[in-house]
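Right, one structure below, let's go through it.
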Amino acid sequence: MPLFEGLCPFSLEYVVAAAVDRDHKFLTKAVEEAYRGVDCGDGGPFGAVVVRNDEVVVSCHNLVLKNTDPTAHAEVTAIREACKKLQQIELSDCEIYASCEPCPMCFGAIHLSRIKRLVYGAKAEAAIAIGFDDFIADALRGTGFYQKAQLEIKRADGNGAIIAEQVFEKTKAKFQMY
């Protein structure tokens with residue numbers, strides 16, 4: 001007798017189709033947010049939805065122009081709002097749906113918030129093709145074709161580095177992240 005015979009009233013195809021439909025539903029909401037953000041002039045065509053237990057926690061779009069904040073990407077905004085709404089800094093029981101492949105900053109925020117799953121629609125190249133600068137992704141990929149910014153990165157020397165490192169040792173007993 002096969003291992004799963006008689007245990008499941010529906011096929012694996014049904015389960016896969018249901019998961020695809022679910023992802024499509026939430027990704028569609030993220031894309032709708034992207035349109036909403038452009039239509040009201042808040043920022044670029046990016047949307048994100050944070051989901052917990054098949055319920056939308058928050059649905060946000062890019063607010064870079066509205067907030068005059070280059071970090072107000074849809075994913076970062078959604079994470080900030082979800083954390084406030086849920087009153088927690090860890091979103092390990094949540095998923096995020098993004099209309100476009102997250103930039104490294106947004107991916108970092110997704111990682112730091114401990115979100116368990118990311119589903120995105122468009123590839124980063126779609127945004128780059130219409131003029132969005134993704135110089136960090138270019139650097140990670142080893143390309144500089146789209147790079148518009150020049151950034152010097154230097155670690156502090158001597159006493160500056162020492163006092164900056166000491167803050168971690170001196171505060172570790174007072175601060176626990178998780």
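None of the values given here were measured: they were computed from a predicted structure.
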ask   = So if you build clusters from Ile, Leu, Val, Met, Phe, Trp, Tyr with side-chain heavy-atom gaps below 4.5 Å, do I96 and F107 land together?
value = yes
- Task: Take R80 and S113 through the test side chain to side chain donor-acceptor pair (under 3.5 Å) and record every step on the way to the result.
- Result: CA-CA 9 Å; R80 288 173 180 161; S113 68; over 6 Å; no
Full working for side-chain contact (heavy atoms from CB on, under 4.5 Å) between I163 and Q166
CA-CA 5 Å; I163 62 171; Q166 287 174 343; 4.1 Å; yes
query = Are any of the side-chain heavy atoms of V51 and V49 separated by less than 4.5 Å?
reply = yes
### Task
Would you mind checking if E169 and K172 are paired as a salt bridge, meaning a charged N to carboxylate O distance below 4.0 Å?
yes
Value for OG1 (T28) from CD (E33), rounded to nearest 0.5 Å, stands at 12.5 Å
d(C60 SG, E75 CD) to nearest 0.5 Å is 10.5 Å
Rounded to the nearest 0.5 angstrom, the NE2-CZ distance for H73 and F46 is 7.5 Å
Are I110 and L91 connected in the hydrophobic side-chain network, where two residues link if heavy atoms are under 4.5 Å apart? yes
### Message
Could you see if V56 belongs to whatever hydrophobic cluster contains I79? Use Ile, Leu, Val, Met, Phe, Trp, Tyr and a side-chain cutoff under 4.5 Å.
### Response
no
Report whether L27 and Y120 are members of the same hydrophobic cluster (ILVMFWY, side-chain heavy atoms less than 4.5 Å apart, transitive linking).
no
### Query
Using 4.0 Å as the upper bound for N to carboxylate O, is an ion pair formed by K84 and E81?
yes
For P45 and I130 the tightest heavy-atom approach is CG-CD1, 4.4 Å
Note: N67 and A72 closest approach over all heavy atoms is ND2-CB, 4.2 Å
Across all chains, not counting sequence neighbours, the ring pair (Phe, Tyr, Trp, His ring centres under 6.0 Å) partners of F26 are Y97
L118 and A98 have their tightest heavy-atom pair at CD1-CB, 4.4 Å
For H61 and C40, what are the C-alpha separation, side-chain angles and deciding distance, and is it a side-chain contact (heavy atoms from CB on, under 4.5 Å)? CA-CA 10 Å; H61 55 260; C40 64; 4.0 Å; yes
| message | Has N53 got a side-chain atom pairing as donor or acceptor with E55's backbone, closer than 3.5 angstrom? | response | no
Ion pair check, D54 and R22, cut-off under 4.0 Å: yes
Got a donor-acceptor contact below 3.5 angstrom from the N62 side chain to the G44 backbone? yes
Heavy-atom check, side chain of L86 versus side chain of V57, under 4.5 Å: yes
Rounding to 0.5 Å, atoms CZ (R117) and CG (D93) come to a distance of 14.5 Å
The side chain to side chain contact (heavy atoms under 4.5 Å, CB included) partners of A34 (sequence neighbours excluded) come to S99
Rounded to the nearest 0.5 Å, the OG1 atom of T77 sits from the CG atom of L63 at a distance of 4.5 Å
Correct closest heavy-atom pair for A48 and A78 would be CB-CB, 4.0 Å
Rounded to the nearest 0.5 angstrom, the CD1-CD distance for I115 and E90 is 10.5 Å
